[in-house]
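Have a look at the structure below before the remarks.
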Amino acid sequence: MTDGAVTRTRVGIVGAGPAGLMLSHLHHRAGIDAVNVDNRTRHEIETTVRAGILEADSVRLLTETDVSDRVLREGHAHEGIALRFAGESHRIDFQALVGESVWLYPQTDVFTDLADARARDGGDVRFGISDTRLIDLTGDRPAIRFTDADGAAHEVRCDVVVGADGSHSMCRQQVPETHRRLFAKEYPFAWFGFLVEAPPSAPELVYTHSDRGFALISQRTASMQRMYFQCEPDEDVAAWSDDRVWTEMQSRVAGPDGFVLREGPISDQAVLRFRSLVCEPMRHGNLLLAGDAAHTVPPTGAKGLNLALADVRVLATCLERALDDGDPDALDRYGLLALDRVWRTQHFSYWMTQMLHSLPGGDHFDRRRQVAELRSVVDSTAGATYLAEGYTGWPRG
Ligand code: PHB
């Protein structure tokens, strides 16, 4: 309900990325009114290149809740990945090990599908807002105040506020330090990511350990690919000509099997900083945090979006119980339920990261030990199954 500068709704969501939009979509299906606000424009979100792997449950969430089935038509099921080390590739066969696949489908497409579904269903989503402030989070009249895209002051009054506003979350910062604990880990490296105009170099993702550092070969379409290599956190993108990138990439993947990357013009270069972070609890009064606002994982394993979708699936149910059934404990149950997957995923992303990246100051011992760890994973059904379970996503609890 909108009355001039005030909108009344039940769930006010800061953030209209995939997590925020999926939450309002699920609420819409349950008959709960919600409003999303985001300081980015739709165009900005749609044109920021992000990761591209969806767990099977993320795909089911998109298709079974009627967001869109485009992922099934335009995405690509991947039944495994390759771990490449000592110059040789070793396939982890997800289907054979756990009977699941992942889907190559860029996060920007997930966002577009959700934004279209919200528009189709008459959802109230305000992009391009500014000056967001949260009011009365621990009282009984919580609200989100902001300046809308046309410069007018606006207030969304709600029962609860959800902070789904990404890793630099303004909402997280509203929780007094005395009421939250941040568990954080910094990594002494980053990824240099780029798009390549060329055919795929491999049919599935190739996670590569080499003496020169990590490299990841991912895909997008028949003519566009996505790749990454480990770099310094303060790496200067401008210092990397296409030639220099290709020399580095080719040397990281080279091996006796003669694997070479198919080269092409490079675009969208960016340095991705690494960080692991968990904020506990995920609730403060009538504020609930979801997705990157509550936790950040390093990109190894592509868990960020999947974990955010898993959060909102749990959060949607807990909010329904709290708002529709008046269950007083439902808001606290959200964090208790969500944090189990959050910490497993933190461990999985950390584990893949430390197994595959060169540690600054690392010596021959460290590299030999990593190769032994990788061999233990690929040569053991138990090891490979652990990787396959974590990569395709644990069953929803
Ligand atoms: C990607 O395709 O962008 C991607 C895939 C797997 C990752 C990270 C990024 O672990």
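In listed order, ligands and their atoms are each counted from 1. Starting from 1, each residue takes its place in the sequence as its number.
Note on residues 248-260: pairs passing side-chain hydrogen bond (donor to acceptor under 3.5 Å, both in side chains), not counting sequence neighbours, are Arg84-Asp257, Arg212-Glu248, Arg212-Ser251, Glu248-Arg252, Gln250-Glu263.
Between Trp191 and ligand 1 there is a heavy-atom distance shorter than 4.0 Å.
With hydrogens and angles disregarded, no donor-acceptor distance shorter than 3.5 Å links the side chain of Asn36 to the backbone of Val125.
With no hydrogens or angles considered, a side-chain donor-acceptor pair links Thr65 and His25 at under 3.5 Å. There is a side-chain donor-acceptor pair under 3.5 Å between Thr7 and His154.
Of the charged side-chain nitrogens involved, none lies within less than 4.0 Å of a carboxylate oxygen, so that Asp136 and Arg141 do not count as a salt-bridged pair.
Where the criterion is an N or O separation shorter than 3.5 Å, residue side chain and backbone included, Ser218 meets it with respect to ligand 1. Taking only nitrogen or oxygen atoms, main chain and side chain alike, Leu216 does not reach within less than 3.5 Å of ligand 1. Residue Leu205 has no nitrogen or oxygen atom sitting less than 3.5 Å from a nitrogen or oxygen atom of ligand 1, judged on distance alone.
Heavy-atom contacts of Gly301 reach the following atoms of ligand 1: 10 (O) (cutoff under 4.0 Å). Near Tyr207, with a cut-off below 4.0 Å to any heavy atom, the atoms of ligand 1 are 6 (C), 7 (C), 10 (O).
Taking the six-membered ring for Trp, Phe274 and His357 have ring centres closer than 6.0 Å.
By the 4.5 Å heavy-atom criterion applied to side chains, Glu74 and Thr221 are not counted as neighbours.
Shortest contact from atom 3 (O) of ligand 1 to any protein heavy atom: Tyr228 OH, 2.5 Å. Closest to atom 8 (C) of ligand 1 among all protein heavy atoms lies Pro299 O, 3.5 Å.
At a heavy-atom cutoff of 4.0 Å, ligand 1 is contacted by the side chain of Arg220 but not by its backbone.
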